[in-house]
Structures are given as structure tokens and as C-alpha cells.
Amino acid sequence: MPLTRTIDRPRRYSVRRSAAAFTATLALVAVLTFDHTAATVHAAQPLGSFGLNDGVPLTVAHRGDPAAAPENTLPAFEAALRSGAQVLELDLQATADGHAVLFHDDLLDRTTNGSGPIADRTLAELQALDAGSWYGSAWAGTGIPTFTEFLPLLQSSNARALIEFKGVWTPDELRPVVAAIYRAGVQDRVVLASFETPTLLDLWREAPSLPRAIIVRRLPDDPVAFAAAHGASTVVTSLRSFQVEPEAAERLRAAGLTIIVYTLNRADLWQQAVDLGVDGVVTDAPRRLAQVHAAARG
């Protein structure tokens, strides 16, 4: 995202995004010309201990614990840790002046007292907003946290973090996030994720040692090659993907890839995920799911 936002931002963003997508396409072609086995081995490097879940998927707290506090705020992540969730899922957006903040939507309207695109605001402008009153008066004055404000919570816990980069990020925007992860010493407990091919390929180049996850609503015909082409050791997708292609889960597992499904809030859907043998389940109800999983472990 450009460091300077003006009224012509949509056109400039579109041009940058198109250029990034074209570059990513060329890079993707280059990746696919390499030996497929080598690419798959790279993609299937161990992802911390995500796969060591005793046959019960790990609880991935979606935007923290949105059943207990406003999503993507520090109170929500504190509540998620108290819930027993093993993984914290968070969304990162880049501000107009190049800072990474925890926020899901492109627009401020739903979860703050501000309005308009978050990408048009500086960090100082965002820090002046209220990101809690919409949820309840008890959270009035809760702010939009920066990524560096989130990291001490991760440092002081045993949890891991699934960090989703929303939209297309430039290498200049990615580098401070990567540097902050290493400064905090949590590089073995994070997974960097995105829907966007340009962002994932830039993460592969900028932080080759950090595990990456490709997020996709529906799996392609060859999900293993798809993950390898993006340098991903984890695939995050919908439960529907495996309902349409049940054998896809076995192919991913056989390739050593981690599987996470989103966003499941009912016991019957959680059971389907268990039956598939996935490694993690993203949920808006981490306390309930953690209790179910604790009971399953006996």
C-alpha cells in the first residue's frame, strides 16, 4: 500500500496491485518450472508442533475471542489465551504511514467510531479512534492495537499465532513485521498467512525461514502443487472444500502439509473437522471448542 494516500488511491492501488499480480504470476511460473518434488519438500517443512495435536485439532481463536471482547483487540486476545486456545488468529492491515495494526475490515465503520478506508489513516489517526464501544460500554476506549503491542501477549504465553496479511502488501511494508517477529523471539511460533499470491511470494522472499499459509475458499484440483507454488507449509480453507473433495485432506496430509479449516462454531461441524483429521479449527467460540477438545483428550 502506498505510504501516501490521496483521492486517486483506488486507481493507483489498482495499478500497483495489477503490477504485483503480474510479477507474482511470473514468479509462480518460475516456481513451477523447478522440480516439483523439491518444491513440495520445501513447502512441507514442519510447522512448529501444529501437527502434534494427539489426533484432536488445535483451537484457533478467530480474531481473539470475539465472544468475550471486541475482535482483534488486546482484550480479545487476552480472553482467547484464558480460554485455552492454542493458536491466536489475527488480521494485519497497513496504515497510511506504514505501520502494521490489528484490524480485519478494509473500512473502519463496523468496529470503530471512525469511517472510511483504514489504509487512508495514519497510525496517530487510528489511535484516536474507539474500537470497543460498538461491542459494549464496558469496552469504551479500547484502541486498535499495533502488531508490536500484540507481540508481548504472544511472548508471555505458550500459544502460537496465525497472522493473516489482509490485501496486497509491499516488501517495504512486510519487512518491519518480519523484523518485529524476530526481535520478539517468536519466530518458531508464528505462521504468516494470506489469500494474496503477491503477498505470499514476497513473504517467501523476505522471510524464507518463517512458515507460511495459503488461505483459499475452495481448494484447486491439485492442492499439494498449489501449496508448493506459494511456498506454503499450511493450507487454510473452508470445510466445504473437503465436503466437495474428501480425498484432498488425505493428499495434503500425505505431503506433510498442515490443514486448518475455518470458521466453525457448531459441535457437529467441529466433529466433521475431527473426522477429516485436520490440524486446526478456526472458531469464534474458542472457550467452548477448547473445552470440547480437552474432554476429547480425556
A.B. asks: For Asn158, is the CG atom crowded, meaning more than 12 foreign heavy atoms sit under 6.0 Å from it?
C.D. replies: no
A.B. asks: So, Thr199 versus Asp202: side-chain donor-acceptor pair below 3.5 Å or not?
C.D. replies: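 There is no such pair between these side chains.
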A.B. asks: Anything under 30° is parallel, anything over 60° is perpendicular, the rest tilted; go ahead and classify Trp169 against Phe165.
C.D. replies: perpendicular
A.B. asks: Are the charged groups of Arg175 and Glu173 less than 4.0 angstrom apart, N to O?
C.D. replies: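 No, this pair does not count.
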A.B. asks: For Gln271 and Asp275, which I'm curious about, is there any donor-acceptor pair between the side chains at under 3.5 Å?
C.D. replies: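 Judged by distance alone, the side chains do pair up.
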A.B. asks: Should the pair Arg160-Glu89 be classified as a salt bridge under the 4.0 Å nitrogen-to-oxygen rule?
C.D. replies: no
A.B. asks: Walk me through whether Glu245 and Arg240 qualify under salt bridge (charged side-chain N to carboxylate O under 4.0 Å, His left out).
C.D. replies: CA-CA 8 Å; Glu245 292 289 343; Arg240 176 67 177 161; over 6 Å; no
A.B. asks: Any donor-acceptor pair under 3.5 Å linking the side chain of Trp204 with the backbone of Gly231?
C.D. replies: no
A.B. asks: Could you pull out all residues at least two apart from Asp221 that satisfy salt bridge (charged side-chain N to carboxylate O under 4.0 Å, His left out)?
C.D. replies: none
A.B. asks: For the pair Arg189 (side chain) and Ser157 (backbone), establish whether a donor and an acceptor sit closer than 3.5 Å, ignoring hydrogens and angles.
C.D. replies: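 It does hold such a pair.
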A.B. asks: Side chains of His230 and Thr197: any donor to acceptor distance under 3.5 Å?
C.D. replies: yes
A.B. asks: Using the salt bridge (charged side-chain N to carboxylate O under 4.0 Å, His left out) criterion, which residues pair with Asp91? Sequence neighbours excluded.
C.D. replies: Arg63
A.B. asks: Between Asp284 and His62, do the side chains contain a donor N or O and an acceptor N or O under 3.5 Å apart?
C.D. replies: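 Yes - a donor-acceptor pair under 3.5 Å links their side chains.
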A.B. asks: Asp97 and Thr122: side-chain donor and acceptor closer than 3.5 Å?
C.D. replies: no
A.B. asks: Of all heavy-atom pairs between Ala76 and Pro70, which one has the smallest distance, and what is that distance?
C.D. replies: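 That closest heavy-atom pairing would be CB-O, 3.1 Å.
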A.B. asks: Shortest non-hydrogen contact from Asp105 to Phe103?
C.D. replies: O-CD2, 3.2 Å
A.B. asks: Looking at Phe195, does the NZ or CZ of Arg217 lie under 6.0 angstrom from its six-membered ring centre and within 45 degrees of the ring axis?
C.D. replies: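 Yes, Arg217 lies over the aromatic ring of Phe195.
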A.B. asks: Any side-chain heavy-atom pair from Val281 and Thr59 closer than 4.5 angstrom?
C.D. replies: no
